[in-house]
Amino acid sequence: MKTRRLDNYGKINRDKILSFRWDKKNYKGFEGDTLASALLANNIGIVGRSFKYHRPRGIFSSGVEESGALVTIGSKDRRDPNVRATTQELYNGLEASGQNAFPNVNFDLAGINNYLGRFFAAGFYYKTFMGIPPFEWGRGTAIWMFFEKFIRKAAGMGSASELPDPDSYEHAHDFCDLIVVGSGPAGVAAAIEAAEKKLDVILVEQDSLVGGDQLAENNFDNSQIKNQLENLGIKIMTRTTAFGLYDNCVVGLLERVTDHISAPNVNIPRQRFWTIRAKHIIVGAGAIERHIAFNNNDIPGVMTVNASKHYLNRYGVLTGKRIAIATNNDSVYETAQQLSEAGANVTVLDSRTNFEIETNKCFEIRKGYVPYNINGSKKIHSLDVSKSENMNKSETINCDQVLLSGGWSPAVHLLSHRGVRPKWDYSNACFLPSDSKENITMVGSSRGLWNKNDCIASGIAGTTDALNRLGISKTNYFFPKPGGWKNPIQPLYEVKYKKSRSKSFVDYQHDVTTDDVRLAHREGFISVEHLKRYTTLGMANDQGKMGNIIGLSLMAELLKKEIPEVGTTVFRPPYTSVSIGALSGRNVGKHFRPLRVTPMHQWNIDNGAKMIEVGLYQRPWYYPKENETLSDSYIREASTVRKTVGICDITSLGKIAIQGPDSTEFLNRIYSNGFSKLQVGKARYGIMLRDDGIVMDDGTSWRLAENEYFMTTSTGEAAKVMSWLEELLQTRWTDLNVNVTSVSEQWAGVSVAGPKSREVLNNCVDDSLVITNNNLPFMGVTSTFLKGNIPCRIARISFSGELAFEVYVKSDFANTMMDLLWENAKKYDGCLYGLEALGALRVEKGHVTAAELDGRVTIDDAGLSKMASTKKSYIGSAMRKRGVLKNNDREILVGFFPTNLKETFNAGTIVCEKNNIKGQGIGRITSVTYSPELGHWIGLGFVKGGLDKWKDTNLVGADPVRNKQMNLKVVSPHMIDPKGERMYA
Amino acid sequence: MIRINCPYCGERDHSEFSYGGDATINYPSLDASEKEWTEAIFFRKNIKGFQFETWHHSNGCRMWLVVERSTVTHEIKSVKPCHPNLQKVVENNK
Ligand SMILES: [Zn+2]
């Protein structure tokens with residue numbers, strides 16, 4: 001193929017020369033070029049190698065349907081594979097390379113696959129490597145897994161960068177009355193009509209310029225249209241693809257903000273992911289020209305007819321000198337005329353015999369002729385043609401380019417996203433969109449209109465339809481009838497020539513041939529969806545935009561059915577690919593999830609805390625001194641709490657204010673234990689069950705006044721409990737006068753625990769009398785003041801089993817409280833302790849947390865039967881002993897000691913009987929810690945039948961994940977101070 | 001994307017809401033039998049078409065809503081507060 005840039009053609013800016021690199025060599029293009037047009041202008045015909053056979057591939061199209069010119073753009077951390085050269089705008093310094101070839105696309109060693117073609121037919125890999133049944137070799141899957149990486153490499157697409165993406169992406173949102181997809185004649189007419197009727201309109205165009213297919217017209221000037229649209233206040237979004245339609249007229253857009261700029265401003269995102277909420281959607285997405293299947297129809301130099309028109313009129317590139325055009329419809333003749341006027345020698349082969357067409361007679365028309373074979377390998381030498389009714393009468397035409405037009409497929413993809421199946425139209429040989437019940441209207445050639453005036457009329461009709469559906473007008477309208485050519489199209493999908501063993505391609509990128517479709521049929525894959533998966537037809541980057549209909553027609557022929565009976569595959573979003581970066585937007589790195597910190601977060605860090613993530617919260621994990629490790633540190637912290645005093649940030653607990661005259665009744669219904677007699681000034685530990693009788697959460701509720709409670713929940717369940725309480729009050733118990741308010745962020749909480757905790761607090765409160773054992777007994781609550789007139793709430797609650805207090809102040813006072821407590825704790829050789837020590841202390845005491853209350857555990861399983869009131873009914877009471885929940889071999893909470901006290905074990909260990917180590921065993925270990933008090937490792941967990949059954953039995957802890965096993969014994973979960981004497985001190 | 005017209009906040013994306021469940025269940029009294037509770041909790045119709053369901057405007061006004069939604073098309077016919085008193089307030093403000 002010999003191409004050249006013509007002086008008097010194209011809308012490129014010849015004053016602005018751009019340098020770019022292709023496969024490590026320097027070339028030049030102009031502003032306004034795409035990479036494809038610049039490559040063509042530089043006479044580069046081979047731009048890639050095909051997926052399986054590594055055949056040389058050229059540029060097939062000028063748009064998003066491209067399935068040949070998929071290239072890699074950029075390098076290192078900005079390496080972007082599988083980019084369509086046809087839609088990539090050229091910029092200065094652009095670096096691009098061919099894919100799927102070694103050492104390069106011109107000389108590819110794997111091209112040998114082309115000669116081994118019969119081994120690489122559809123399903124070859126699956127049959128050879130995956131299909132080996134286990135009973136033959138016993139290792140079919142293993143063989144596949146071994147070979148997979150080599151096969152994937154050989155059959156690879158371009159490879160993505162494995163480095164972190166240096167670019168930023170953004171999520172954006174907008175609203176409008178009407179969104180119009182596509183800025184061709186139909187879309188523009190619709191947008192203008194709507195804006196004149198005062199609708200708020202967004203017009204989306206995937207190209208860099210508005211105009212649609214008019215950009216392929218000679219002398220088309222789009223600036224006038226642009227001005228008109230802008231003057232009407234229409235928001236024009238170019239370089240933006242509507243990739244998907246969703247419920248309620250929501251449209252997903254991908255805006256390519258800087259992909260066309262050589263050195264983008266680092267403060268601007270590379271791409272924006274838009275969510276548009278519209279009231280009506282008009283789709284004028286155009287139509288896509290199909291190719292024709294025949295032998296060697298993939299040789300570089302093959303292109304759609306319309307693409308060559310684009311290259312000529314938009315980019316000033318004449319794509320061939322001696323051009324053969326093969327067609328079955330009228331759409332090619334304008335292009336043929338323009339190509340010949342531009343200096344090419346053109347021959348049109350039209351499969352139809354009876355038709356009339358007006359031309360300038362500068363080119364030859366051969367009626368009733370079809371192409372059946374291209375001669376050449378890296379470029380076209382000649383085309384074998386014959387009479388369509390008599391394949392024996394053949395001749396050869398010398399040419400350097402073959403342009404194909406097998407008809408046009410309206411882009412019904414977006415409507416298909418909404419589950420609307422297109423219907424086959426025999427007279428136009430294409431699928432046409434069906435009507436949608438949703439507010440979506442198809443206009444222009446995407447509803448099968450082939451001429452411009454019809455497209456414009458349909459745009460105006462589309463907007464009238466929108467206005468009617470939105471209740472703004474009640475105007476009659478009609479859409480022009482599909483079609484618009486003078487002579488009818490004659491279906492032509494494949495030209496068969498039986499003598500040859502060459503390949504005839506349906507899907508260029510995935511190397512799906514007509515023989516593959518026939519093979520699939522022979523092997524029984526006759527459903528369209530099976531055909532697609534078995535041959536991978538339509539599964540490449542272009543998603544079958546060009547080849548699907550050809551595959552469908554072949555299957556119809558084999559099944560002796562009509563195309564609509566065979567069906568069509570459903571198109572799903574995205575229309576064209578969306579980068580992962582755009583999907584994640586700014587939710588990357590530290591912004592991947594929201595971060596929650598307590599008001600004393602900085603205080604904790606300043607005082608040496610190492611932090612850990614618990615859900616979204618950052619919590620102090622441990623406070624190492626000098627060179628202490630995690631375990632040195634938490635063991636010291638836990639022993640200090642037991643010996644003197646420790647301070648721990650517990651702000652992450654959920655906190656809910658419960659207020660109103662029916663608060664007591666409310667709590668009495670949601671907690672399994674009684675709350676009706678809780679006095680003002682007292683707190684109670686409570687358990688909430690779900691409707692189905694399983695434990696949901698535990699926590700405490702403090703009665704601050706007659707009608708006011710302060711509830712705490714576990715950190716992880718805080719949001720769930722809040723929603724649950726709201727649900728009960730708003731949906732089930734609407735007669736209760738109770739108000740619930742989340743106050744988790746309003747209060748900062750700290751636990752002061754250990755035998756010296758009261759002494760420390762004495763120094764911190766205004767009036768130490770309020771916290772004496774008499775005035776503040778175990779589970780007592782008081783509202784008082786810390787020194788400095790800081791209002792606070794103190795409750796004598798213990799999670800560690802020691803004498804302990806929970807102190808809450810308003811969040812603004814958190815740091816002051818910490819300073820005050822810490823200053824005084826130091827006087828008693830106290831410590832700050834983190835989550836690890838907190839865990840050790842509670843495991844020693846046998847207190848359950850989320851590790852135990854995992855949504856499968858009943859109150860009885862958790863050893864908390866005493867917490868289940870028998871005097872009242874409550875949520876879950878009717879269900880907590882249903883069916884299997886009352887079996888007596890359920891797993892019950894116990895403690896575990898290693899038999900040899902020097903041994904350790906891990907959470908997740910499976911507990912088994914000695915001579916029966918298999919399956920799920922008889923129990924599991926959920927939490928473990930080193931117990932400073934006992935001097936060895938201990939665990940909490942569950943075992944079938946509980947302590948009573950296994951008290952003196954030697955059991956085995958199996959830890960297959962860590963390849964460990966140890967002997968265990970079951971003990972009471974209350975491993976220290978079982979009577980709780982310390983708490984009451 | 002489903003868009004739900006919250007009577008208090010206006011039309012919002014479904015991502016602001018959390019799905020509850022069947023809004024037509026009459027939960028039995030707390031002292032009702034295990035059988036009655038089993039029916040209420042576990043037995044659900046699998047409706048094709050419009051159904052009443054609860055949604056919680058969890059990232060908004062925190063109101064629990066009854067939404068009449070088609071399980072086939074996601075079309076929403078009506079949205080109102082679950083709590084009868086809030087329903088009245090909404091009616092009075094129309
Ligand atoms: Zn709301």
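Not measured: the values here are computed from a predicted model. Just so we're on the same page: letters track the sequence lines, and every chain starts at 1.
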Per-residue contact mode, B:N26 against chain A (heavy atom under 4.5 angstrom): neither
Expected output: side-chain B:T54 to main-chain B:V66 donor-acceptor under 3.5 Å: no
Options A:A719, A:G693, A:G252, A:A878, ranked by heavy-atom pairs under 4.5 Å with chain B, top entry: A:A878
pair A:R890-A:N888: side-chain heavy atoms closer than 4.5 Å: no
N/O donor-acceptor pair under 3.5 Å between B:T38 side chain and B:E34 backbone: yes
When B:D13, B:I76, B:I25 are compared by non-hydrogen pairs under 4.5 Å with chain A, the top option: B:D13
Note, A:T441 side chain near A:I281 side chain (heavy atom, < 4.5 Å): no
Toward chain B, the part of A:W724 with a non-hydrogen atom under 4.5 Å: neither
A:R669 bridged to A:D662 by N-O distance under 4.0 Å: no
Which atoms of B:H56 approach chain A - backbone, side chain, both or neither, heavy atom under 4.5 Å: side chain
B:A40 portion near chain A, given a 4.5 angstrom heavy-atom threshold: neither
Which atoms of A:T734 approach chain B - backbone, side chain, both or neither, heavy atom under 4.5 Å: both
